[in-house]
*Asks:* 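Quick one: this structure, given as structure tokens, is what I'll be asking you about.
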Amino acid sequence: MGATTLQLSFKEMQELCFNSLQDCSATKEILTAVPEDFRVIKYELNLIAEHPAGYLGVHQYLLVEISNPFKSDHNDETHKVLRFFTKSAPMEIPSRMAYLEEFGVFKKEILVYREVLPHLEQIFGQVAPRCYYADKNMLIFEDLKRKGYRMGAKRDGLLDYQHLSCAIKSLAKMHAASLIYETRMKSKMNALHPDAVVENAYPLNMKTNHVRYQNFSNAVNVYKEILRLLPKYEKNLENILRQLPETMQKIFDLSQTSNKYCNVFSHADLWANNVMFQYSPDDHEPIDCRFVDFQLARYAPPMLDLITILTIPTSREFRKSHLMSLLTEYYQYMSHLMKRENLSLDQFLTQEQFYASFEEFRICGLIESLLFSHLTILPGELTQGLTSSANGFSDFFNRKRVEICLKAFHTDEVYRTRLCDMLEDLVDNFILN
């Protein structure tokens, strides 16, 4: 798949570079004010990798060469190159564009970066990469990699306690900022920015041919076949297979805006690859993180995001040892943030309500784990080429999903171990228990 064409005007390109330079100046990366008389000389878009890293967007680097606005007696460099990270819709692949249009993810993410995050980040600081352009099916961001951010998980998709502790602090910042923003505006997020938080991951009352229903049904079929391969469930197999679709379908009702608990602006897609970490000088300890890919943003109880990030990138054994500690850490930090704004978290979510919501939404973390991970942990040799063509994309999401996933289950130990861990937790605690 070739690079996407950039459709920015000269003025938009100039503004993009100026805002980036201003941010560098504000963070002391450049110790001088930014003049406005620099020139854009040329630019180019380069694919980040030969094989697509994501299924719903094309990821590229934008390199812009400008006349050096900081040229001086001590710096005779005449040109400077700025690098940005871009995400664009796969316009040249009709099947993927049709999927995106029905799913509604790209338009939503543009709205999130244009209308929602700027308000929230004014309160407690950045939780996402700085976005310099959001329009025409394209998003242009600061390059987090150049600032030392990287993903914290290995091939197995697991995060350790330190990384999760860092992630839930940023999550608490975003959720607390959502409550504070609503308080200041005297209005709810779904009234202020309805199109940016409409539920598109699990819409209610959708037809059976809707892309999300098809996606869900295909995933359930994968797990039905895997269950047939697990000896421990042989005696209860028919009962489990009968209950599995209904059990997993609970995610549709639980993902909606709640009438019972307070709701916040939510990321709704929190797995390991959507969290980028910055590390301490010795490169050992995560000290900050940014969330990426807000395509599924919703307005829902904070526990939905929290239990997702504490379940998808963790094992059953890890959760048994550390889940309650991390839940408490999140609530205490969110309480601290609210106090900084002279508000009490109890006004919105009491401790009793918080732990009650955990009991209610814990199943969501497991369902999300299963729906995400049977695709995201697939070994690279099985996915290369599948998402770069019309037929490959259809095969990957529809026709050959069971076949591809079963091949990975039989041949890849990481894939098999992780999926069994999630599936057994769901079956043992929410079907057989």
Side-chain angles (χ1 to χ4, degrees), residues 23 27 85 109 112-113 116-131 141-145 147-153 157-182 189 196-197 262-280 283-314 322-323 325-341 343 345 348-349 354 365 368:
D23 281 347
T27 57
F85 179 89
E109 190 167 23
V112 166
Y113 276 102
V116 181
L117 288 174
H119 293 294
L120 301 188
E121 292 182 331
Q122 285 178 359
I123 299 172
F124 292 125
Q126 273 184 266
V127 294
R130 185 78 69 202
C131 183
F141 304 102
E142 64 176 327
D143 180 12
L144 287 177
K145 190 173 181 181
K147 295 193 172 184
Y149 287 85
R150 65 177 187 268
M151 289 181 285
L158 295 172
L159 295 173
D160 62 21
Y161 193 102
Q162 281 187 311
H163 285 84
L164 289 164
S165 178
C166 181
I168 63 173
K169 286 183 173 64
S170 289
L171 190 61
K173 281 168 57 176
M174 187 174 79
H175 289 170
S178 176
L179 294 175
I180 292 162
Y181 175 58
E182 288 185 337
M189 185 70 69
V197 295
C262 77
N263 299 286
V264 294
F265 173 77
S266 303
H267 183 283
D269 195 6
L270 287 175
W271 59 294
N273 283 22
N274 282 347
V275 190
M276 302 281 285
F277 294 93
Q278 190 179 51
Y279 293 83
S280 58
D283 208 36
H284 290 154
E285 183 183 353
I287 56 174
D288 190 26
C289 81
R290 297 280 186 269
F291 302 127
V292 300
D293 287 352
F294 284 82
Q295 301 168 128
L296 304 181
R298 61 166 61 105
Y299 186 57
M303 184 56 70
L304 209 51
D305 263 353
L306 183 58
I307 200 60
T308 301
I309 190 60
L310 294 179
T311 306
I312 294 180
T314 65
H322 303 296
L323 182 57
S325 173
L326 286 162
L327 289 173
T328 300
E329 194 174 324
Y330 165 91
Y331 189 84
Q332 289 177 344
Y333 189 66
M334 195 168 171
S335 297
H336 163 73
L337 292 170
M338 298 299 285
K339 284 178 184 175
R340 280 170 49 179
E341 296 294 313
L343 292 169
L345 183 54
F348 306 90
L349 184 68
F354 176 73
E368 290 277 50

*Asks:* Is the shortest distance from a Lys or Arg side-chain nitrogen in D283 or R150 to a carboxylate oxygen in the other one below 4.0 Å?
*Replies:*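 Between R150 and D283 there is a salt bridge, with a charged N closer than 4.0 Å to a carboxylate O.
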
*Asks:* I would like to know whether D23 and R130 meet side-chain contact (heavy atoms from CB on, under 4.5 Å); could you show each step before the answer?
*Replies:* CA-CA 9 Å; D23 281 347; R130 185 78 69 202; 3.3 Å; yes

*Asks:* With a 4.5 Å cut-off on side-chain heavy atoms, are F265 and L117 touching?
*Replies:*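 In short, these two side chains touch, coming nearer than 4.5 Å.
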
*Asks:* Quick one: does C289's side chain get under 4.5 Å of F291's, heavy atoms only?
*Replies:*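 A side-chain contact exists here, since the closest heavy-atom pair is under 4.5 Å.
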
*Asks:* Quick one: do M303 and L327 satisfy side-chain contact (heavy atoms from CB on, under 4.5 Å)? Show the steps, please.
*Replies:* CA-CA 9 Å; M303 184 56 70; L327 289 173; 4.0 Å; yes

*Asks:* Run the numbers on L120 and I180 for side-chain contact (heavy atoms from CB on, under 4.5 Å), then give the verdict.
*Replies:* CA-CA 9 Å; L120 301 188; I180 292 162; over 6 Å; no

*Asks:* For a quick test of reading the model, state the closest non-hydrogen atom pair linking E121 to Q126 and the distance between them.
*Replies:*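 Heavy atoms of E121 and Q126 come nearest at OE2-CA, 3.5 Å.
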
*Asks:* Looking only at non-hydrogen atoms, find the nearest pair between E142 and A128 and report the distance.
*Replies:*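 Looks like OE2-O, 4.5 Å.
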
*Asks:* Looking at S170 and V127, would you say the former's side chain and the latter's main chain have a donor-acceptor pair under 3.5 Å?
*Replies:*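 Looks like no, no N/O pair under 3.5 Å.
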
*Asks:* Quick one, L159 and T314 - any side-chain contact, counting heavy atoms below 4.5 Å?
*Replies:*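 The answer is no, as the side chains (C-beta and beyond) never meet within the 4.5 Å cut-off.
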
*Asks:* Evaluate Y181 against I123 for side-chain contact (heavy atoms from CB on, under 4.5 Å), listing each step before the verdict.
*Replies:* CA-CA 8 Å; Y181 175 58; I123 299 172; 4.1 Å; yes

*Asks:* Just checking, is any N or O donor in the side chain of Y279 or D288 under 3.5 Å from an acceptor N or O on the other one?
*Replies:*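 No - no donor-acceptor pair under 3.5 Å links their side chains.
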
*Asks:* Charged N to carboxylate O below 4.0 Å: is that the case for E329 and K169?
*Replies:*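 So E329 pairs with K169 through a salt bridge.
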
*Asks:* Are any of the side-chain heavy atoms of L304 and S266 separated by less than 4.5 Å?
*Replies:*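 They are not in side-chain contact.
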
*Asks:* Within this structure, what is the CE-CG distance for the pair M189 and L179, rounded to the nearest 0.5 Å?
*Replies:*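 M189 CE to L179 CG: 8.5 Å, rounded to 0.5 Å.
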
*Asks:* With a 4.5 Å heavy-atom cut-off, do L337 and K173 have their side chains touching?
*Replies:*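 Result yes, sub-4.5 Å side-chain heavy-atom pair found.
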
*Asks:* How long is the straight-line distance from CD1 of I287 back to OG of S280, given to the nearest 0.5 Å?
*Replies:*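 Those atoms lie 6.0 Å apart.
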
*Asks:* Going from CZ on F124 to CE on M338, what distance comes out if it is rounded to the nearest 0.5 angstrom?
*Replies:*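 One gets 7.0 Å once the value is rounded to the nearest 0.5 Å.
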
*Asks:* Is there a side-chain contact between D293 and E109 (heavy atoms, below 4.5 Å)?
*Replies:*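 When only atoms from C-beta onward are counted, E109 and D293 do touch, with a gap below 4.5 Å.
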
*Asks:* Under 3.5 Å, is there a donor-acceptor pair between the side chain of D143 and the main chain of F85?
*Replies:*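 Flag not set: sc D143 to bb F85 has no pair under 3.5 Å.
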
*Asks:* Can you name the closest pair of heavy atoms from L345 and S335 and give their distance?
*Replies:*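 L345 and S335 have their closest heavy atoms at CD2-OG, 3.5 Å.
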
*Asks:* Is a side-chain donor or acceptor of D160 paired with a backbone partner of Q162 at a separation under 3.5 angstrom?
*Replies:*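 Yes, D160 side chain to Q162 backbone: donor-acceptor pair under 3.5 Å.
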
*Asks:* What are the two closest heavy atoms between A268 and R298, and how far apart are they?
*Replies:*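 The pair with the smallest heavy-atom distance is CB-NH1, 3.3 Å.
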
*Asks:* Kindly compute the distance separating CD1 (I168) from CG (L270), expressed to the nearest 0.5 Å.
*Replies:*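 Here the rounded value is 12.0 Å.
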
*Asks:* Grab the two heavy atoms, one from V292 and one from H267, that are nearest each other, plus how far apart they are.
*Replies:*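 Smallest interatomic distance, heavy atoms only, reads O-NE2, 2.8 Å.
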
*Asks:* Is the closest side-chain donor-acceptor distance between S178 and Y299 under 3.5 Å?
*Replies:*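 No, no side-chain donor-acceptor contact under 3.5 Å.
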
*Asks:* Does one side chain, of H175 or D305, offer a donor that lies under 3.5 Å from an acceptor on the other?
*Replies:*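 Yes, a side-chain donor-acceptor pair sits under 3.5 Å.
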
*Asks:* According to the interplanar angle, ranging from 0 to 90°, do the rings of Y330 and F354 count as parallel (below 30°), tilted (30 to 60°) or perpendicular (above 60°)?
*Replies:*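 The rings of Y330 and F354 lie parallel, inter-plane angle below 30°.
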
*Asks:* Evaluate the side-chain proximity of H163 to F277: yes if any heavy-atom separation is below 4.5 Å, no if none is.
*Replies:*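 Heavy-atom side-chain distance check passes, below 4.5 Å.
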
*Asks:* Are the side chains of S325 and Y161 in touch, meaning some heavy atoms are under 4.5 Å apart?
*Replies:*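 Result yes, sub-4.5 Å side-chain heavy-atom pair found.
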
*Asks:* Compare every heavy atom of L164 with every heavy atom of P313, then report the nearest pair and how far apart it is.
*Replies:*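 Taking every non-hydrogen atom into account, CG-CD2, 4.2 Å.
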
